[in-house]
**Q** 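Have a look at this one before I ask anything.
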Protein chains: 2
Amino acid sequence: MEKWIAALRSQGYKVTPQRRVVIEALKQGDKFATAQQVLEAVRQRFPEMSLDTVYRNLSLLVELGLVHEVRTKGRDGNFFEIAVTGHHHHTVCLQCGKAECLDFCPIHEQDLARAEVGGFKITAHSLEFYGYCADCRKVG
Amino acid sequence: MEKWIAALRSQGYKVTPQRRVVIEALKQGDKFATAQQVLEAVRQRFPEMSLDTVYRNLSLLVELGLVHEVRTKGRDGNFFEIAVTGHHHHTVCLQCGKAECLDFCPIHEQDLARAEVGGFKITAHSLEFYGYCADCRKVG
DNA sequence: ATCGCTGCAAACAGTTTGCAGTCCA
DNA sequence: TGGACTGCAAACTGTTTGCAGCGAT
């Protein structure tokens, strides 16, 4: 049993073919995919699939922590990445839009404690490093 | 001479009435403002002002580091904040959308060095802490 | 059988862009 | 004067929503 399917089931969500195939698409495609790319991948096996269902399921999966969302600043929307590893962050190239995973999170417990001022309770944080990848630096 | 006007001028950008009034609006309004709120504020003194000019100027100011942009995840778009202090980050309440400034940045030199793998050159980073503010925690 | 999920279609918002005229430097 | 900037209008894209029917449990 796949962990993602099991997680859905255990939290009371139905396991529909559409949900299975979204998860499959994220697992088998490139590391990152936009909602549109997920739709294209999914339609190879499921031509009826609609974009709104992709969005609905991606949102759900992100909410459940089963998928990570990467804010790209690009015009194609954010990237989605199946959560095979734990919490981490990414670099995003402002030129070509390519993203890469980092293997660490620089936010530590003491930072969270320091940021929880005035009764604010932190439940998540979002961090991206923006810049230019090696390829784009060579060109321009 | 205001630092923002001076910065525009020194970098070869023209100082138009629209630019002045956008800066004024950000300085005098609430700490954070959406593009729409900037437009409304600006139109009190400059009724002809158009939303696209607001966007163009906000984008420019953000690019020059004269304004900070806060990614809110809300439906009203991001917040903009005049850069009176240096680089810092924010908490954003996922319930009411309220943002607050933090007075520190948890990303240190060694983190940047560690993240610059494979020839990637970091030029900026974006970090928000999401959660629930004291008020929203009382209610819900 | 139920209630969540889906597809369809339409709406929606924030943002961007082309263009012709304006105006700061 | 001239290139940057503006306003107008329209388009564009990513995303969300209402609704009726379908299907996983």
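Per chain, numbering begins at 1; letters A, B, ... match sequence-line order.
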**Q** Is any side-chain N or O of D52(A) under 3.5 Å from a base N or O of dC8(C), one able to act as donor and the other as acceptor?
**A**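 Looking at the base of dC8(C), it does pair with a donor or acceptor on the side chain of D52(A) (distance under 3.5 Å).
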
**Q** Rounding to an integer number of Å, can you tell me how far L58(B) CG sits from dT6(D) P?
**A**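 Result: 11 Å.
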
**Q** Of the listed nucleotides (dG7(C), dC8(D), dA25(C)), which one gets closest to any side-chain atom of E48(B)?
**A**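 Nearest listed nucleotide: dC8(D).
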
**Q** So H90(A) and E100(A), do their side chains get closer than 4.5 Å, heavy atoms only?
**A**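 The answer is no; the side chains never approach within 4.5 Å.
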
**Q** Any side-chain heavy atom of Q18(A) sitting closer than 4.5 Å to one from F46(A)?
**A**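 They are in side-chain contact.
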
**Q** Quick check: do K73(A) and V92(A) have side-chain heavy atoms less than 4.5 Å from each other?
**A**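 No - every pair of side-chain heavy atoms lies 4.5 Å or more apart.
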
**Q** Could you tell me the separation between the CG atom of N57(A) and the C1' atom of dA24(D), rounded to a whole number of Å?
**A**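 It works out to 14 Å between those atoms.
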
**Q** I'd like to know if R56(B) reaches the base of dG7(D) with its side chain, counting only an N/O donor and acceptor under 3.5 Å.
**A**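 Per atom types, the contact qualifies.
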
**Q** Cation over ring, R114(B) on F104(A), under 6.0 Å and within 45°?
**A**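 Yes.
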
**Q** Rounded to the nearest angstrom, tell me the gap between atom CD in E63(B) and atom P in dT16(C).
**A**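 E63(B) atom CD is separated from dT16(C) atom P by 11 Å.
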
**Q** Indicate whether the side chain of H89(A) and that of H68(A) have a donor and an acceptor atom separated by less than 3.5 Å.
**A**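 Side chains of H89(A) and H68(A): no pair found under 3.5 Å.
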
**Q** What contact category does R75(A) fall into here, base, sugar-phosphate, or nothing, at under 4.0 angstrom with non-hydrogen atoms?
**A**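 Here R75(A) touches the backbone only, sparing every base.
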
**Q** Do any side-chain nitrogens or oxygens of S50(B) fall under 4.0 Å of OP1 or OP2 in dG7(D)?
**A**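 Yes, S50(B) has a side-chain N/O under 4.0 Å of OP1/OP2 on dG7(D).
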
**Q** Check the distance between dA10(D)'s C1' and L51(B)'s CG and give it to me in whole angstrom.
**A**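 For the pair L51(B) CG and dA10(D) C1', the rounded distance is 14 Å.
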
**Q** Enumerate the residues from residues 15-40 of chain A whose closest heavy atom to DNA chain C is under 4.0 Å, giving them by residue number; use none for an empty result.
**A**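 Close to the strand are T16(A), Q18(A), R19(A).
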
**Q** Would you mind reading off the distance between L8(A) atom CG and dG4(C) atom C1', rounded to a whole angstrom?
**A**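 About 13 Å, once rounded to whole Å.
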
**Q** Measure the CG-CD1 distance between L8(B) and I23(B) for me, rounded to the nearest 0.5 Å.
**A**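 It is 5.0 Å, given to the nearest 0.5 Å.
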
**Q** Report yes if at least one side-chain N or O of N78(A) is closer than 4.0 Å to OP1 or OP2 of dT15(D); otherwise report no.
**A**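 It does not, given that no N or O in the side chain of N78(A) lies less than 4.0 Å from OP1 or OP2 of dT15(D).
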
**Q** Does R9(B) place a side-chain N or O at less than 4.0 Å from the phosphate oxygens OP1/OP2 of dA25(C)?
**A**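 True: R9(B) side-chain N/O within range (under 4.0 Å) of dA25(C) OP1/OP2.
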
**Q** Grab the CD-P distance between Q11(A) and dG4(C) for me, whole Å please.
**A**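 It is 16 Å, rounded to the nearest whole Å.
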
**Q** May I have the distance from K73(A) (atom NZ) to dG14(D) (atom P), rounded to whole angstrom?
**A**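 K73(A) atom NZ is separated from dG14(D) atom P by 18 Å.
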
**Q** Of all the heavy-atom pairs spanning H87(B) and C105(B), show the shortest one and how long it is.
**A**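 Shortest heavy-atom contact: NE2-SG, 3.5 Å.
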
**Q** To the nearest Å, give me how far apart CD1 (I5(B)) and C1' (dA25(C)) are.
**A**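 The answer, rounded to whole Å, is 15 Å.
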
**Q** Which nucleotide sits closest to the side chain of K14(B): dT15(C), dA25(C), dG4(C)?
**A**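 Minimum distance to the K14(B) side chain belongs to dA25(C).
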
**Q** Taking the nucleotide of DNA chain C with the closest heavy atom to each, which residue, Y13(B) or D76(B), is nearer the 5' end?
**A**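 Per heavy-atom nearest nucleotide, the more 5' residue is D76(B).
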
